Each structure stands twice: as structure tokens, then as C-alpha cells.
Amino acid sequence: MAKTIQAIRGMNDCLPSQTGIWQFVESNIRRVVANYGYQEIRTPIVESTELFKRSIGEVTDIVEKEMYTFDDRNGDSLSLRPEGTACVVRAGNEHGLLYNQQQRLWYMGPMFRHERPQKGRYRQFHQFGVEVYGLNGPDVDIEMILIGARLWQAFGIADKVELQINSLGSADARAAYKELLVAFLQEHYNKLDEDSQRRLLSNPLRVLDSKNPAVQAIVKDAPKLIDHLDEASQVHFSLLCERLDNLGIKYTVNPSLVRGLDYYNRTVFEWVTDLLGAQGTICAGGRYDGLVEQLGGKTTPAVGFAMGLERLVLLVESLDDSLCAHSPVDVYIMAIGDEAESQAMQIAEKIRSELPSLKVQQHFGGGNFKKQMKKAIASDAPIALIIEDGELKNANVSVKYLKQDKPQAKLSLEALSALADLL
């Protein structure tokens, strides 16, 4: 017997018993972004490796250790996309969508990183993101937050997540602040962990969001970036907070909330929960006005957010596991007798034409009434439509309720559209 082939580690199957909650999450995402007038963009899962080197940075763990990178037959270096924003900017620049224009876009699909697999974090994972180009005021930053808040309401988790916000200011203000931060951290160099010591020179802002309790205790007393903003960024952030207050959106200003890449500026935000362990962020966003130019386009303001769907599905499922239970069938059609078998498919097609929203499954493989009824029950359909030779002579079929204690009923072939009222 040949050896069974299994899925690649960290790349998981989504089985029929699990797709119900995924469909629930995805359909709500599509509905909410449509409500805000956003358009979907779809980009390839394979891009030039240079795209991610320029956007994420060559000297980063993602590019150096986590990307799936390979040379194609032409000798070009290609990579499976590890995130979506760089791909959207590349597409926008390439097709002339960004400069002097306003675009409200969203994407959803698989991303790839060679990380250590753990619950909710896989090597092939799915990400949803929203991005706006061409608008630089705090109003669009707020809309990003409002979209997230409306999604949490749709998923029934609004009381389980917390919004944290901060401002990174301008590039000049941040550069001046970094000097203050490095000077402070060097005074405590020997108390920093190895990771923070390495970041001190390469990316000091990232020391602020260290998860090491000992480092957190040190940075608690570090200078705060929000106290060293340029005037324009102060006004931007004040308006953001004022309007969030007016909208009744609760938030916490977190001075340690940062981004490690220089093209980020001004607003950053995260939605966090304490229900998923130490890695509690389920959505992260902010403004990245420098990215379009960094990838070869004209200077264009930009803001957006992204969330990993696996972790979101875990959170929603932990609070309402009934969302996993969904019936793939509304009506199961049985046929008893030669004439019934001959007409069953026509009847099934008639129902699908008249009631396209119903999920109709027809029994195949023959068998007596008992065998077919066993299959009907196993289908989890609420009703079975029984077609029998005797009833067909009177142009009738029988309806048997499989989940309710109701007597079996007759239904005219001319009134099959009434099935919708019986469910």
C-alpha cells in the first residue's frame, strides 16, 4: 500500500464541519465593507521578492527567515506574499490607481510565513485588510476604527475587545524622539533582554512593545513619543480622540503602541482581547503615508488595517460554537418506485428554479424507504420530500418533518414554492 500523503506542516485543511463559521465571518466582512462603500481588490499570491524587501525591509525576520522564496525558471526571485498591503500598493502604482486619486479598497485571502505553527497562527494563514489612499485627515482614520467596531458587533464580540491608540508623529519628530529613547535605554542596557539589546540600535521603537515583563518595567519610565509630537500630528491626534469621544467609541491611549517600519506615521491602533492568550491583538492598523513613495509611486497618504482570520474565527467560535453547526441541506428528496425515480430529478430542478435560496439534495443510489430515510436524517435537513408512485398519480408529494414533531403533510406539485414556508 502506498504511503499516505499528509498536508504540509502549518498549512491546514478547513473541513466541511468548520466552514460554517468561516462563511459567517467572511459574509459579515463583505457586508460591512460594502456598507462603507469599499471595493475589493485581488492580487496574486506570488510577487517579486524585491517588493517585500523594499516594503518590509531586507534586515527583518520576515524577509530573512519567514518568507517562502524561490527562483523561477527564468532565474527571477519570487515569494509567496507574507502580507497584503505591499501587494495592493504595487497594484495601485502599476495600474495608476493612486496618485491624485482617492481609493477605498479591501482584500481577503491567504498569506504565507514560515513561522512555528501554533493555535490560530499557521504558515498559510488568511488575512482581511482595508486600505484607503489619497486622504490624510483624521476622519478616515476614524472610519477605519468604525469599520472594526461594526465588525465586532456583527460577530457578537464587541464587549470582548478593547481599542488601543497612539500617534507616531512625523518622521522628523520620530527621529528626534529615537535619540531620547536610545539614550534612556542605554542607561538600562544590562537589564534588557538579548532581543531588546539587538533592537536598541537597529529598531529602538520596537523595544517599547516588548512582551518581556522585565523590559516592560523599564520602558514604563521611558520618554513617551506622544509627548514629543510635532504640532501638526498633535492636532491630528487631538481631533481623532475628540471625534471618537463624540461617537461613543471607547479607547485607551497606549504610549507603547508602535510600528517598526519608518513609513508609518501619526495614527496607529490595535484591537486587543484577553481571550486568546499572550498574543491578544486581533486587528492592527494605522497610517503609512510613506509607503507608496517607498515602492516607486508619488507621495500618497494612506491608512488601513489588517486582521488574521484564523484568530478571529477562534475568538468567535469560543463565544458561540453554534455558528459551527449549520445544515448544508434544507430539503432532502427521496424517491420510492420506478416512476418516482424517473421524475425526482425534474422535481428537484423545479424546486431549485423556483426557490434558488434553498439547498436541495437528492437521494442517489436507490434503496428502500428505510435506507433512504436514514440518509435523509443523516443529511441534517429539516424536511424530507418523499416522492412515491402512488402520490404522483394525484400530482402530490409528501413532506416529512425530520426535526419537528409535526404530522406528515401532502403538497401539490403545482405548489412546490410553498416549501419555503414549511422550513
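Everything quoted here is computed from the prediction, not taken from an experiment. The figures that follow rest on heavy atoms only: side chains count, while hydrogens, waters and symmetry mates do not.
Under 3.5 Å, the side chains of Y36 and R150 contain a donor-acceptor pair of N or O atoms. Remark: the Q164 side chain and the T252 side chain contain no N/O donor-acceptor pair separated by less than 3.5 Å. There is a side-chain donor-acceptor pair under 3.5 Å between E131 and Y133. A donor and an acceptor atom, one from each side chain of D230 and S170, are located under 3.5 Å apart. No hydrogens or angles considered: nothing links the side chains of S379 and Q361 as a donor-acceptor pair under 3.5 Å. Remark: the N212 side chain and the D193 side chain contain an N/O donor-acceptor pair separated by less than 3.5 Å. With hydrogens and angles left out, the side-chain atoms of N136 and H236 include no donor and acceptor closer than 3.5 Å. Under the 3.5 Å distance criterion, with hydrogens and angles disregarded, no donor-acceptor pair is assigned to the side chains of R243 and N246. Y251 and D245 are linked by a side-chain donor-acceptor pair at a separation below 3.5 angstrom, with hydrogens and angles left out of the test. For T43 and R90, the side-chain atoms include no donor-acceptor pair closer than 3.5 Å. In summary, the side chains of S233 and S167 do not present any donor paired with an acceptor at a separation below 3.5 Å, with no hydrogens or angles considered.
For E231, the CD atom sits in a loose shell: 12 or fewer heavy atoms of surrounding residues, nucleotides or ligands are nearer than 6.0 Å. Atom CD1 of I8 sits in a sparse spot, with 12 or fewer heavy atoms from other residues, nucleotides or ligands closer than 6.0 Å. The environment of K403 atom NZ is dense: over 12 non-hydrogen atoms of other residues, nucleotides or ligands sit within 6.0 angstrom.
Between E143 and R104, at least one side-chain N (NZ, or NE/NH1/NH2) sits under 4.0 Å from a carboxylate O, which counts as a salt bridge.
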